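Within every chain, numbering begins at 1; the chains are lettered A, B, ... in the order of the sequence lines, protein sequences first and strands thereafter. Only a predicted model underlies this, so the values are computations on that prediction, with no experimental measurement involved.
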Amino acid sequence: MLLVSEVVEHKDRFVAGLVKRGIDNAAELLDNIIALDDKRKSTQAQLDELLSESNKLSKSIGMLMKDGKKEEAEAVKQKTADIKAQSKDLTQQLEDTKNELLNELYQTPNIPNPDVPAGKTEDDNEEIFCVKTLPDLGEDAKPHWDLIKEYDIIDFDLGIKITGAGFPVYKGKGARLQRALVNFFLDEAEKAGYQEIQPPVVVNEASGLGTGQLPDKEGQMYHLSDTDMYLIPTAEVPLTNLYRDVILDEKELPIKNVGFTPCFRKEAGSWGAHVRGLNRLHQFDKVEIVQIEHPDKSFDTLDQMVKHVEGLLKKLDLPYRILKLCAGDLGFTSSITYDFEVYSAGQKRWLEVSSVSNFKNYQANRLKLRYKDADNKKHLLHTLNGSALALPRIMAAILENGQKANGIELPAVLKNYTGFDRID
RNA sequence: AGAGAAGUGGCAGAGUGGUCGAAUGCACUGGUCUUGAAAACCAGCGUACCGCGAGGUACCGGGGGUUCGAAUCCCUCCUUCUCUGCCA
């Protein structure tokens, strides 16, 4: 969430940022936040004074009792009643104010970085790279949902039978290809200096709050009502929450972690003709890279992560483009995001396969994730993450782009992982 | 899952109603000494909020309660350990 002290100090910048995102009443919103924070401070100050008085009286009672001056002690006790009532009121007021403030902050998104293009929808995203030529497989090119049936490598009907729509069953070479991709992605990440982490895929409410999935987007996550826990929508949640309430030493930076997990998304209301096959699922696999970085270096780190993802797509020999998301299309917690899309020649369309973001201190503020500098001073860190990569759409693109008359040719780099170089 | 025990500062560990934000030891930081190091000695050493500052307030697993006053008593939840049961 936004850091109130920064909002106060650079209010114009924050107003402009939120307006850029399409929040027209941003000034009003931030004024309210600042007012609530002021109220919080003054109420706290009043309460502190009262408690200070009360503490003094209590101590004097203690001393009087020790000296055996019972009656005098009783007299002081009388005086505390009033203070007690007042402090109870103030405590309640303070708590209400804090909750109201927190609530406002939870509902206020991160501000876009200055170089984020203006715009309202995905149509306004800025293409910063695109391969020169797109594969053209002609009119006979098949979408992957036909190919997987033809070669019997993924079965949607079986998934529907045992679970429901959006939970595919991978079989034979399909399962093997998926596992190969996971291993390839993990190996590449480790080569790039990331430590592999296997986190739980079920998280508690505090973790959802920490990375910003809660309180507003609970509709996206599967909720386990009996234990009040959530299935993760991305490994970002556990991987970043590992560092909730942590103070790192400056020397430990950057933290570079990679995790492979299944991801679960309800995707309520997003079904339609364009989400056939592997394009959108309730459960899918993803390898996620997460970095925790010094505020001065997070943009270099962002570039480095973008390069890493780009390298994966190059090695897989997939046609891709990179988009810099416009302010209106930016995720709630992000300050800047690059999307990677691969061109899938069967559907003749671009598929989003990665999203690399710098959250700056927005998540860190919620997480209370800080570092100690040389003078032992604490500062918020920056968090970043990116998919490297999401499996199903990569799979779709590999299948569609590699299709030949009598089989599917796989990217050469996968041969060592799959043990085969074609599916037929 | 059942029975019992326990959760205190980076770690170990005292403290069972009053000047306790908390003894002591270790670790850590600075200093003295030393050619250097070790040892010894001296000093410092949690987090957050408010305040220009002096200072104040809160925090002893989380939440709630009793009391003028709670690390200490009560309730509740969580976690860990031991025993029993179950299980990949």
Side-chain angles (χ1 to χ4, degrees), chain A residues 1-9 33-105 198-210 214-215 224-230 238 241-253 255 262 361 363-381:
Chain A
M1 59 195 175
L2 299 181
L3 189 56
V4 179
S5 58
E6 284 182 356
V7 174
V8 171
E9 200 176 340
I33 284 176
I34 292 169
L36 281 169
D37 193 53
D38 285 342
K39 191 177 170 196
R40 191 205 101 234
K41 287 182 191 173
S42 63
T43 311
Q44 178 80 63
Q46 278 181 61
L47 179 61
D48 283 355
E49 202 175 318
L50 216 53
L51 289 176
S52 172
E53 186 63 26
S54 161
N55 285 343
K56 277 181 202 145
L57 289 177
S58 288
K59 277 182 187 170
S60 73
I61 290 172
M63 290 199 275
L64 288 170
M65 299 285 268
K66 221 171 213 172
D67 296 345
K69 298 174 180 166
K70 271 221 159 124
E71 277 168 32
E72 286 176 52
E74 281 304 320
V76 180
K77 272 195 199 180
Q78 302 301 319
K79 286 204 265 180
T80 61
D82 198 34
I83 294 179
K84 226 189 153 184
Q86 278 185 58
S87 68
K88 201 173 175 185
D89 273 7
L90 276 176
T91 304
Q92 186 61 49
Q93 263 185 53
L94 180 62
E95 197 176 321
D96 291 347
T97 307
K98 275 182 173 171
N99 284 338
E100 208 179 325
L101 175 61
L102 202 57
N103 206 35
E104 289 298 320
L105 287 170
Q198 286 190 19
V201 300
V202 179
V203 293
N204 55 28
E205 187 186 12
S207 294
L209 284 169
L214 295 174
L224 307 177
S225 56
D226 57 343
T227 50
D228 200 19
M229 298 205 272
Y230 296 86
N241 272 282
L242 255 22
Y243 298 88
R244 172 151 46 82
D245 292 317
V246 166
I247 300 174
L248 292 164
D249 198 293
E250 200 169 3
K251 285 177 287 219
E252 298 176 80
L253 301 172
I255 301 287
N361 66 16
Q363 286 183 330
N365 190 28
R366 281 199 186 187
L367 293 159
K368 293 199 185 69
L369 166 53
R370 291 163 293 169
Y371 73 95
K372 266 197 292 217
D373 66 19
D375 297 327
N376 242 355
K377 290 231 166 38
K378 281 96 192 163
H379 312 275
L380 289 174
L381 282 160

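Looking at heavy-atom distances under 4.0 Å, A/L51 makes contact with sugar-phosphate atoms alone, never a base.
Going from the P atom of B/G63 to that of B/A70 covers 15 Å, rounded to whole Å. Across the C1' atoms, B/G9 and B/A5 are found 24 Å apart, a figure rounded to whole Å. B/G36 sits 16 Å from B/U32 when the C1' atoms are compared, rounded to a whole Å.
The pairing partner recorded for B/C11 is B/G25, the criterion being a Watson-Crick or G-U wobble arrangement whose two distances lie under 3.5 angstrom. The partner of B/C59 is B/G46, by the rule that a Watson-Crick or G-U pair needs both atom distances under 3.5 Å. The pairing partner recorded for B/A38 is none, the criterion being a Watson-Crick or G-U wobble arrangement whose two distances lie under 3.5 angstrom. Nucleotide B/C81: paired with B/G4 (Watson-Crick or G-U wobble, both distances less than 3.5 Å).
With no hydrogens or angles considered, a side-chain donor-acceptor pair links A/S207 and A/N204 at under 3.5 Å.
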Between A/L253 and A/L381, is a side chain to side chain contact (heavy atoms under 4.5 Å, CB included) present by the stated rule, with each step listed?
CA-CA 10 Å; A/L253 301 172; A/L381 282 160; 3.5 Å; yes
Please assess A/E74 against A/K77 for the test side chain to side chain contact (heavy atoms under 4.5 Å, CB included), listing each intermediate value before the final yes or no.
CA-CA 5 Å; A/E74 281 304 320; A/K77 272 195 199 180; 3.5 Å; yes
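Note: NZ (A/K39) to P (B/C50) measures 17 Å, nearest angstrom. One atom, CD of A/E53, and another, C1' of B/G55, lie 15 Å apart when rounded to the nearest Å.
Residues A/K41 and A/M63 each lie close to RNA chain B; by heavy-atom proximity, the contact nearer the 5' end of the strand is made by A/M63.
Under a 3.5 Å cut-off, the side chain of A/T97 and the backbone N or O of A/Q93 do form a donor-acceptor pair.
Listed pair A/R370 / B/U47 fails the phosphate criterion, with no side-chain N or O lying under 4.0 Å from OP1 or OP2. Side-chain nitrogen and oxygen atoms of A/S58 include none within less than 4.0 Å of the OP1 or OP2 phosphate oxygen of B/G18. Within the structure, a side-chain polar atom (N or O) of A/K84 is placed less than 4.0 Å from OP1 or OP2 of B/G69. At the phosphate of B/U57, OP1 or OP2 sits under 4.0 Å from a side-chain N or O atom of A/N55.
Here the nucleotide nearest the side chain of A/K378, chosen from B/U47, B/C68, B/U57, is B/U47.
Closest approach of A/L50 and A/S87 over heavy atoms only: CD2-N, 3.5 Å.
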